[in-house]
Amino acid sequence: MGGSTTRSASWPDLPEYLVSRRTVLKGLAGAVSLAAVPELLAACGQGGGTTTTAAATGGTLTVGSYQSDPAPKQGFAQVQDAFSTANGGTKVTTNTVDHGTFQDQVTSYLQGTPEDVFTWFSGHRMRFFAAKGLATQIDDTWEKVKGNFSGAFAESVKGSDGHIYGVPVDYYPWGVFYRKSVFQAGNYKVPTNWDDFKTLCGQMQKDGLIPLALGDLDGWPAQGWFDILNLRLNGYDFHTEVLTGKQKFTDSRVTNVFNKWSEITQYYNPAVAGTHWQDAGTMLAQKKAGMMLIGLFVSQQFLPLGQDALNDLDFFAFPQMGTQYDAENALDAPIDIMMVSKKSPTLNKDLGQAKAYLEFWAKGSTQLIAAKAQGLGVLPTGNDTDTSSYTPLTQKAVQIIKNAKRITQYFDRDSRPDFSGANGMQSFLLTFLKNPKGDMHALQGTMQQFWDSLPPEA
Amino acid sequence: MAETTTSSDPAAAEISAAAGPLVLRRRRRYSLLTRQDKLILALMVGIPLAFDLALIWGPTLASVVFSFTNWQGIGAITAENFVGLKNYATLLGSYIFFRPAFLHNLIWLGFLAFVATPIGMFFAVLLDREVRGTRIYQSIFYLPVVLPLVVVGFIWELQYGATNGFINNAFGLVKSHHVIDWLGDASVNLLAAVVAASWRHIGYVMVLYLAGLKSVDPTLREAAKVDGANERQTFFRVVFPVMAPINVIIVVITTIESLRAFDIAYIINHGKNGLELLSTLIVNNSISEASLVGFGSAIAVVLLLVSLVPIVTFLVNVNRGERA
C-alpha cells in the first residue's frame with residue numbers, strides 16, 4: 001500500500017476465484033456462522049428497517065464497555081467526550097467492566113438491565129445474541145454509514161436473519177512479532193517456511209534468547225497457535241468445521257497439528273502455563289525473547305518503553321507449512337464492534353442517541369482516536385480513516401489482512417464458548433503443552449468426548 | 001421486654017384491657033404478650049424469614065430444579081428443557097474435570113485442617129499469653145482476612161510469578177534457569193494456592209480461637225497450676241476440653257471454607273490446569289459465557305449435598321450440647 005492510499009483500497013479488490021468459494025460456503029454460512037471476513041458480496045442487510053428512529057442530539061446515553069485496560073479505557077473516554085461535544089452535549093455514562101468479567105457475564109447482562117450501547121465481538125458470538133433477541137437491529141443506521149466499510153466488514157456485523165446488529169470499530173491481525181534490532185544484531189532472517197522457522201528458533205536458543213514467548217496462564221493465547229497451525233496445515237474449511245463440530249477432533253489432521261506444534265514447543269519460555277500474555281509481551285519488548293505469536297495489540301506492552309521501542313516492533317506472517325493451504329494466507333483477525341442492546345431500561349428514551357453514537361463510531365476519525373490511545377495496537381475499520389499517521393507497522397498490518405484470502409475471528413469467537421473456555425479447550429491445550437510428545441490420541445479423544453457431552457447450542 | 005413480664009400481672013392486664021374491646025380482653029388473659037408484642041415478634045421473625053426464603057431457599061431450590069434441565073440461561077424454561085438425571089450422569093460419569101476438582105477440594109480440606117488451623121490455634125495460644133504488642137500481632141495476622149480479594153491476588157502473584165516473582169528470585173532460581181512455575185505447573189500450583197488460602201485462614205482461626213481463650217475461666221488455669229500441671233498439660237487437659245464448643249465451630253468453619261474454596265484459584269487461572277475446584281467448575285459452567293446453567297447447577301447440588309454433612313454434624317452436635 002502506498003503511503004497516500006486510504007484503507008478503502010484494501011479489501012474490496014480481492015481475487016475473483018473467491019466468489020465461487022464463498023458462494024458455495026454461503027449455503028453453510030447461516031449455521032456455520034464463522035465470520036469469514038474477506039467477503040465479496042457487498043450486499044448488506046437491506047431488510048426493512050422497522051425502527052426508523054432518527055439520530056438525536058442532546059439527551060443521555062449509557063454505554064457498557066469491556067475496555068478496562070488503561071490504554072483502551074483512556075481512548076474510550078476521549079471518544080465519549082468527542083461524541084458529547086459533537087452531539088449537542090449528550091450526557092454519556094460509561095460503565096466499564098473488567099474485560100474477562102464482561103465476557104463471562106454477558107448472557108445475564110444482556111437479559112438484565114444492560115446499557116443502551118455495549119462493546120462486543122463480531123461473528124458467531126454477535127449472531128448468537130442477535131438471534132436470541134438480545135440486540136437491537138440497526139439497519140437504518142447502517143444504511144447511512146455502510147459506504148464507509150468494505151463488504152467484508154458489512155458481512156461481519158450481519159445477523160443470521162440478514163439484519164445488521166453492530167458497527168465494526170476496530171480489528172487487528174495476529175502474526176509473529178519481533179524486534180527489528182534483535183534480528184539485526186543476531187543477523188536473523190525472517191523465515192518463510194517451517195524449516196527456516198525451526199532453524200531460526202534453534203539459532204536464537206544458541207544465542208541465549210528465548211526463541212518464542214508464550215504466556216498461557218489465561219488459557220486463550222495458546223489457542224492462537226492452534227488456529228494458525230490448523231489453518232496452514234488443514235485449511236480454512238476444515239478449521240471452521242472442526243471448531244463448530246462438523247469435523248471431529250479425533251481426525252488425523254488434528255493429530256498432525258499437534259505433531260507439528262510439538263516440534264517447536266521446546267523453544268517456548270519456561271513457565272508457559274504460569275505466565276500472563278502481558279509478561280510474555282514484556283519479554284519480547286525487553287529483548288529477552290526473540291519472537292511471539294500474538295495480536296497487533298502487543299504494542300501495548302511496548303508503549304511504556306517509548307516510541308523508539310514501538311518503532312522497533314515488526315512482525316511477519318506465520319511461515320508456510322508446505323501444504324496447498326499456504327496460499328490462503330489465512331490468519332486470525334478479530335473485529336470488535338459496538339452494538340445496541342434490547343433490554344436497556346433507558347433505550348426507549350435513548351435510542352436516537354444510541355444510533356447517533358454508533359454513527360459517530362462509524363467514522364474513521366473516531367476510531368482513530370481510540371486506536372491511537374492504544375499505540376495503534378488495533379486498526380480503525382472505516383474507509384475514511386486518515387492513514388497519514390500510520391506507522392510502517394500499521395501499514396503492514398493492513399497489508400497482511402489484504403493478502404489473506406481467509407480470515408478467522410479467533411478460536412473462542414469462532415467456537416461455542418462452553419467448549420473453548422477454561423474447563424474445555426483451554427485446559428486441553430495446557431495439557432498438550434505440558435507434555436507435547438504425549439499420547440495425542442487420548443487427548444483428542446478427550447476433546448471429542450467433551451464436545452459430544454455438550455447440549456445442543458441454545 | 002418489660003411489658004411481657006408485667007402483663008402476667010392481673011392488675012396490669014386490667015389496665016391494658018381497658019383500652020381494648022371485651023372479647024379481646026378475655027383472650028388476652030391467656031396470653032403473655034400484648035398485641036404490640038405479637039406484631040413486633042411477627043415482624044422480627046417474619047422479615048428475616050422472608051429474606052431467608054427469598055434469598056437462600058429460593059435460589060437453592062431453583063438450583064435443584066435447574067440441575068434437571070439443560071437450560072442455557074436464555075429465555076423461559078419449557079418442558080423440553082427437562083432432561084432428568086442426564087446432568088448428574090454426565091457429571092459423575094464422563095465429565096473429566098469432576099474427579100480432579102473433588103480431589104482438589106479434599107486436598108484443600110486436608111491442608112487447612114492439619115496445617116493452617118493448628119497454626120492459627122497456636123498463634124491464638126501465644127497471643128493469649130499477653131505478650132508485648134499482642135494487639136499489633138493480632139492486627140497483622142488478621143489483616144489478610146480483611147484485605148480485598150484483588151489485593152490478595154496481587155500480593156500472591158508478586159510472590160509466585162515465574163520470572164518476576166519474589167520466591168523464584170530470592171532463591172536464585174531465575175538466575176540458574178530452573179524456575180518453579182508456581183502458578184502454571186499442575187503439580188505445585190494447588191499447593192501454592194492453598195498456602196495463599198491458609199494465609200487468610202490462619203488469621204481467621206486465630207481471632208476466633210483467641211476470643212474463646214479469653215472467655216476461659218482463669219481460675220481453672222490457676223487450679224491446674226496449683227495441682228502442679230505444666231503449661232502443656234494445662235492446655236491439653238484443661239483449656240482444650242473447656243473450649244469444646246469453639247473447637248467444633250472451628251472444625252466446621254475449616255470444612256466449609258475448604259468446600260467452598262474459590263477465590264484464589266479463580267484469580268490465578270479461573271480454576272484450570274491443576275486448580276479445578278467444585279466451586280470454579282460451577283462458575284465456569286453456569287456464570288460464565290458458557291452459560292450451561294443446568295449442568296453447573298448439578299455440580300452445585302452435589303456440592304450442597306457434600307456440604308450438608310459437616311453442617312448437619314455441627315447442628316446435631318450443638319443441639320446435643322444444649323440438651324446435656
Side-chain angles (χ1 to χ4, degrees), chain A residues 98 100-108 110-111 125 128-129 131-134 208 210 215-220 269-276 279-280 282-283 288 412 416-431 433-434 446-447 449-450 452-458, chain B residues 69-75 81 83 86-87 90-91 93-98 100-101 157 160-165 168 173-174 177-189 192 266 268-276 280-281 283-295:
Chain A
D98 167 71
T101 310
F102 188 97
Q103 233 173 303
D104 286 343
Q105 298 178 349
V106 66
T107 309
S108 50
L110 291 179
Q111 292 185 94
R125 296 301 290 154
F128 177 77
F129 291 114
K132 293 292 161 198
L134 295 173
I210 296 164
D216 200 36
L217 182 56
D218 299 303
W220 53 265
N269 47 282
V272 160
T275 305
H276 286 289
D279 296 326
T282 304
M283 287 178 204
K288 287 178 186 159
D412 55 6
R416 35 188 305 182
D418 44 8
F419 181 77
S420 60
N423 296 133
M425 195 62 177
Q426 291 186 3
S427 282
F428 303 143
L429 291 183
L430 281 162
T431 306
L433 288 171
K434 205 179 303 170
T446 308
M447 289 176 188
Q449 186 203 1
F450 181 65
D452 293 337
S453 76
L454 295 171
E457 198 166 13
Chain B
T69 71
N70 62 6
W71 192 51
Q72 291 178 42
I74 293 184
N81 288 115
V83 292
K86 186 162 174 283
N87 288 331
T90 310
L91 180 62
S94 63
Y95 192 56
I96 55 164
F97 300 107
F98 181 71
E157 220 153 83
Y160 286 139
T163 50
N164 49 12
N168 281 349
L173 299 173
V174 175
H177 295 288
H178 289 97
V179 296
I180 298 176
D181 190 359
W182 293 106
L183 301 176
D185 184 339
S187 56
V188 295
N189 60 6
Y266 195 74
I268 293 174
N269 66 3
H270 280 215
K272 59 173 180 278
N273 189 34
L275 288 182
E276 293 87 356
T280 59
L281 290 191
V283 169
N284 284 339
N285 276 293
S286 53
I287 318 178
S288 73
E289 213 186 331
S291 273
L292 296 177
V293 178
F295 187 64

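Each chain gets a letter, A, B and so on, in the order its sequence line appears, and its residues count up from 1.
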Original post:
Looking just at side-chain N and O atoms, do B/H270 and A/Q426 make a donor-acceptor pair shorter than 3.5 Å?
Top reply: no
Original post:
Does the side chain of A/S453 pick up a donor-acceptor pair with the side chain of B/T90 at under 3.5 Å?
Top reply: no
**OP:** Keeping the roles fixed (side chain from A/Q111, backbone from B/G73), state whether a donor-acceptor pair exists under 3.5 Å.
**Re:** yes
Original post:
Just by distance, do the side chain of B/N269 and the backbone of A/D216 share a donor-acceptor pair under 3.5 Å?
Top reply: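 Not a single qualifying donor-acceptor pair exists.
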Original post:
Angle class for the A/F428/B/F97 ring planes (parallel below 30°, perpendicular above 60°, tilted otherwise)?
Top reply: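 A/F428 and B/F97: parallel rings.
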Subject >> side chain to side chain contact (heavy atoms under 4.5 Å, CB included) between B/I74 and A/L110, intermediate numbers included >> reply: CA-CA 10 Å; B/I74 293 184; A/L110 291 179; over 6 Å; no
Just wondering, do [Y] and [X] contact through their side chains at under 4.5 Å, heavy atoms?
{"X": "B/I287", "Y": "A/D104", "value": "no"}
{"X": "A/D279", "Y": "B/T163", "value": "no"}
{"X": "B/N273", "Y": "A/K434", "value": "yes"}

Original post:
Most heavy-atom pairs under 4.5 angstrom with chain B, which of A/Q103, A/M283, A/H276?
Top reply: A/Q103
**OP:** Go through A/D418, A/L217, A/N423 and name the one with the most non-hydrogen pairs under 4.5 angstrom from chain B.
**Re:** A/N423
Residue [X] versus chain B: region with a heavy atom under 4.5 Å:
{"X": "A/F450", "result": "side chain"}
{"X": "A/L134", "result": "side chain"}
{"X": "A/T446", "result": "side chain"}

Which bit of [X] comes within less than 4.5 Å of chain A, counting heavy atoms only: side chain, backbone, both or neither?
{"X": "B/I180", "answer": "neither"}
{"X": "B/Y160", "answer": "neither"}
{"X": "B/N164", "answer": "side chain"}
{"X": "B/S94", "answer": "both"}

Subject >> Shortest non-hydrogen contact between A/S427 and B/E276, atoms and distance >> reply: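 Nearest heavy atoms, A/S427 then B/E276: OG-OE2, 4.4 Å.
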**OP:** Might you point out which heavy atoms bring B/N284 and A/A422 nearest each other, and give the distance in Å?
**Re:** ND2-CB, 3.8 Å
Original post:
How would you list, by chain and number, every residue that makes a side chain to side chain contact (heavy atoms under 4.5 Å, CB included) with A/S108, sequence neighbours excluded?
Top reply: A/Q105
